[in-house]
Each structure stands twice: as structure tokens, then as C-alpha cells.
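Below you'll find the structure, written out as C-alpha cells, and then a few comments.
Computation of the quantities below employed the complete heavy-atom set of this structure, encompassing side-chain atoms and omitting hydrogens, waters and symmetry-equivalent molecules.
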Amino acid sequence: MMRRAILIAQVAMTYMGTVIGAGFATGQGTIQFFTAYGFYGYAAILICTLLFIWLGTKMMLISARIGAFSYEELNQFLFGPFFGKAANLIVFVILFGTTVVMLAGAGSIFEERLGAPYIAGIAATAALTYVVMRRQLQGILAVNSIVVPMMLLFTALIGIHTLRSADFTSWHAVQTEAGHWRWLISSISYAALNLAMVEAVLVPLGGEVKDEKVLKWGGIWGGIGLGLMLVVSHTALLSKMPEIMEYAIPMAEVIQAFGPVLYALFIVIVYGEIFTTLIGNVFGITRQIGTILHFSNDILVILILFGCFLISLIGFSSLLAYLYPLFGFVGIALLVSLMLSRIPK
């Protein structure tokens, strides 16, 4: 019983850690998809949370029953042989691209906050990723079991400080475009984008864990945790609207008002969220390439990290701006297919 409870917690935390990437920590993603719609953002978060609970759990259960090794098997199950291959190619390119961006982001944190060389930050993060990837899925579960509780603690502290110090009188100013139901589209888009990205981890997780009770409750608690974190982030940002929209890292402006201790914790959380997304991506890419190139896992991880390292020195943001819309289309298709598909017996 205790072992099952621990596994449920690990699945839930891995789900949360993979979805909540650097966009959540900076606040940009929360503002774009939820806070821009004022109070309607809460309705959007509720719908998004229900989709995370339902479809994230369903994704893992389907993967368990078809014995999926990587996201390739799930996409072929949902879309068929031809369209499944097209979806796999797009997912692979985006995973590789976001991995480059995560490495670059880690390097920037070392450079801007620690005064260390940018390349040193990238190299240290790549080395740490290699160490974690030697344990494959167990390594990802272990890292998320450490990082996600820190994220939850940080979220709780932000929630407490917001309720104590926020000026809620300005909230009425943020109601732009809410009457056009764009908040509903935004909610579904956010869920679709993240469900497509989390495929890289949830599909192999479902295929390996197999205990459907663990997967079911892990998906439920993971979805609830994501919803609660979004509510707190949304509330903190909404209390500073509309001026907070002018900042590149809006959450940093919120945190600075709470003192140096929380701000230092914020930097750690940003790095942790970058790292959980990074290892999830590398894991998914390794699984996918491993079905084509029969190299050892260690060699594949080294090749992937080396390629990402070289590209991160050049910059990848502009290319990613063109690729993300494609990923959004795949996400919507995945969301609809998961809704309509039946879990195989």
C-alpha cells in the first residue's frame, strides 16, 4: 500500500514537473493564456485542469494497455500509420528545439544570476542531465520528487504573500476580450500544447508502470496540482495588472516585493523547472531515436546533448517561433483524438 502511494506521488509530480516549465516560473505563459482575461482566467484554469486530469490520465492508461515504449506508438494508435509518422516528426523537432532553448536558459541563469560563464552553465547542466539520464525513467521520477515539492512550497508561499499584501481593487481593470469567449479557446489551447509536450514522458511512464490504479490517481492528483499552481500564479499576477504586462519576466516583479529570500528561491525554482523540462525532453528524444539507431542509451544522450549544446551557442528562438504553431496544431489534434478514442481492452 505504501509503495503504491509513493508511486502515485511520483507519477503526479512527474506529470506536474514536465508540464510546468520555465514559462510558468517567469509568468509569461500564465499571463498569455489566463491572466489577460481577468476573472475569466479562473474559469479557463478550471477547464484546463479538468482536461489535464481527464486526458493526461487517459494518455497513460492507453499507453499502458498498448505497451508503448515511446510517444511514437501512441501517435500511431491515435492517428494511424501515415499521420502518426507526421505527428512524430513534428513532436521530435519541437522537443529538440525546446531542449536547445532550455539549455540556453540554464546558461543564462548561470551568467546573469551567478556571474559564471554562459558556456559553463550550459556544460554543467548538460553534465547533470547526463547523470540523471543514466537512470532513465527512474532518474526523472527522482528529480521530480525533489523539484516539484519545492515548486509546491514556493507556490504556497506566493499564495500566502499575495493574500496578505495584494491590492485587489485593480482587478476590475482586466476584462479585455472576455466577452468574446477567447478565454475558452485559450484554455483549450494551453491544455493541448502541454499535453502534446508531455507525451514524451507520460507515454513511456504509462508503458512501464502498468499499474492502472497508480496511473489513474497519479493523473488525477497531477492535474489537480497543476490547476492549483496555475490559480496561485494567476492570482499573484492579476493583483499587479495591468502594469505587470510590461515586464519580460512578470513573476520576478511580483517576487521582488516579497523580499530577497523568496527572490533567491525563485531563481532556484526557475532553474529547477528548466531542468525538469530538459530531462523530460531528452528522455523522449532518446526513446524515439533509440527505435531507429540501436546505440546504447549513454551514447544517444551524449549525441543529443552535444547537438543541443552546439545549437544553443548560435540561438534557436527565431526558429522555435515558427515551429510552435505547428506544435499547437499537433496538440489540438492530439486533444481531440484522446477525447474521441476508447481505451483498448
For residues [X] and [Y], report the shortest heavy-atom separation together with the two atoms involved.
X: Met60; Y: Leu215; answer: CE-O, 3.5 Å
X: Thr99; Y: Leu278; answer: CG2-CD1, 3.4 Å
X: Leu103; Y: Leu305; answer: CD1-O, 4.3 Å
X: Gln288; Y: Asn88; answer: NE2-CB, 4.3 Å
X: Arg4; Y: Val214; answer: CG-CG2, 3.6 Å
X: Met16; Y: Gly222; answer: CG-O, 3.4 Å

A side-chain contact here means heavy atoms from C-beta on lying under 4.5 Å apart; do [X] and [Y] qualify?
X: Val132; Y: Phe283; answer: no
X: Phe52; Y: Tyr190; answer: yes
X: Thr49; Y: Leu226; answer: no
X: Phe79; Y: Leu334; answer: yes
X: Phe275; Y: Val147; answer: no
X: Ser233; Y: Leu237; answer: yes
X: Ser296; Y: Leu300; answer: no
X: Met150; Y: Val268; answer: yes

Ile119, CD1: over 12 other non-hydrogen atoms inside 6.0 angstrom: no

Heavy atoms of other groups near Trp221 CH2, more than 12 under 6.0 Å: no

Can [Y] be reached from [X] by stepping across I, L, V, M, F, W or Y side chains whose heavy atoms are under 4.5 Å apart?
X: Phe82; Y: Leu78; answer: yes
X: Leu335; Y: Leu50; answer: no
X: Leu74; Y: Met339; answer: yes
X: Leu137; Y: Phe69; answer: no
X: Phe154; Y: Leu157; answer: yes

Within the distance-only criterion (no hydrogens, no angle test), does the side chain of [X] pair as donor or acceptor with the backbone N or O of [Y] below 3.5 angstrom?
X: His234; Y: Phe39; answer: no
X: Glu273; Y: Val270; answer: no
X: Lys58; Y: Leu338; answer: yes

With the threshold set at 4.0 Å, does a side-chain nitrogen-carboxylate oxygen contact exist between Arg287 and Glu72? no

What is the distance from atom [atom1] of [X] to atom [atom2] of [Y], rounded to the nearest 0.5 Å?
X: Arg182; Y: Ser187; atom1: CZ; atom2: OG; value: 14.0 Å
X: Tyr130; Y: Ile302; atom1: OH; atom2: CD1; value: 4.5 Å
X: Asn297; Y: Ile289; atom1: CG; atom2: CD1; value: 11.0 Å
X: Cys308; Y: Met102; atom1: SG; atom2: CE; value: 11.0 Å
X: Ile140; Y: Thr276; atom1: CD1; atom2: OG1; value: 10.0 Å
X: Ser63; Y: Phe77; atom1: OG; atom2: CZ; value: 9.5 Å

Test side-chain contact (heavy atoms from CB on, under 4.5 Å) on Ser189 and Leu193 and set out the steps. CA-CA 6 Å; Ser189 298; Leu193 179 63; over 6 Å; no

Any donor-acceptor N or O pair under 3.5 Å, side chains Thr235, Tyr42: yes

Thr35-Thr30 side chain donor-acceptor pair, cut-off 3.5 Å: no

For a side chain to side chain contact (heavy atoms under 4.5 Å, CB included) with Thr18, tell me which candidate from Val201, Leu205, Leu202, Thr277 qualifies. Val201

Applying side-chain hydrogen bond (donor to acceptor under 3.5 Å, both in side chains) to Thr125 and Tyr271, what does each step give before you reach the verdict? CA-CA 10 Å; Thr125 304; Tyr271 183 81; 2.9 Å; yes

Applying side-chain contact (heavy atoms from CB on, under 4.5 Å), name anything that partners Lys85, two or more places apart in sequence or on another chain. Gln76

The test is side-chain contact (heavy atoms from CB on, under 4.5 Å); show your working for Tyr71 and Leu95 and say whether it passes. CA-CA 12 Å; Tyr71 60 82; Leu95 284 177; 3.7 Å; yes

Stepwise side-chain contact (heavy atoms from CB on, under 4.5 Å) test for Val203 and Glu73: CA-CA 9 Å; Val203 171; Glu73 286 88 350; 5.6 Å; no

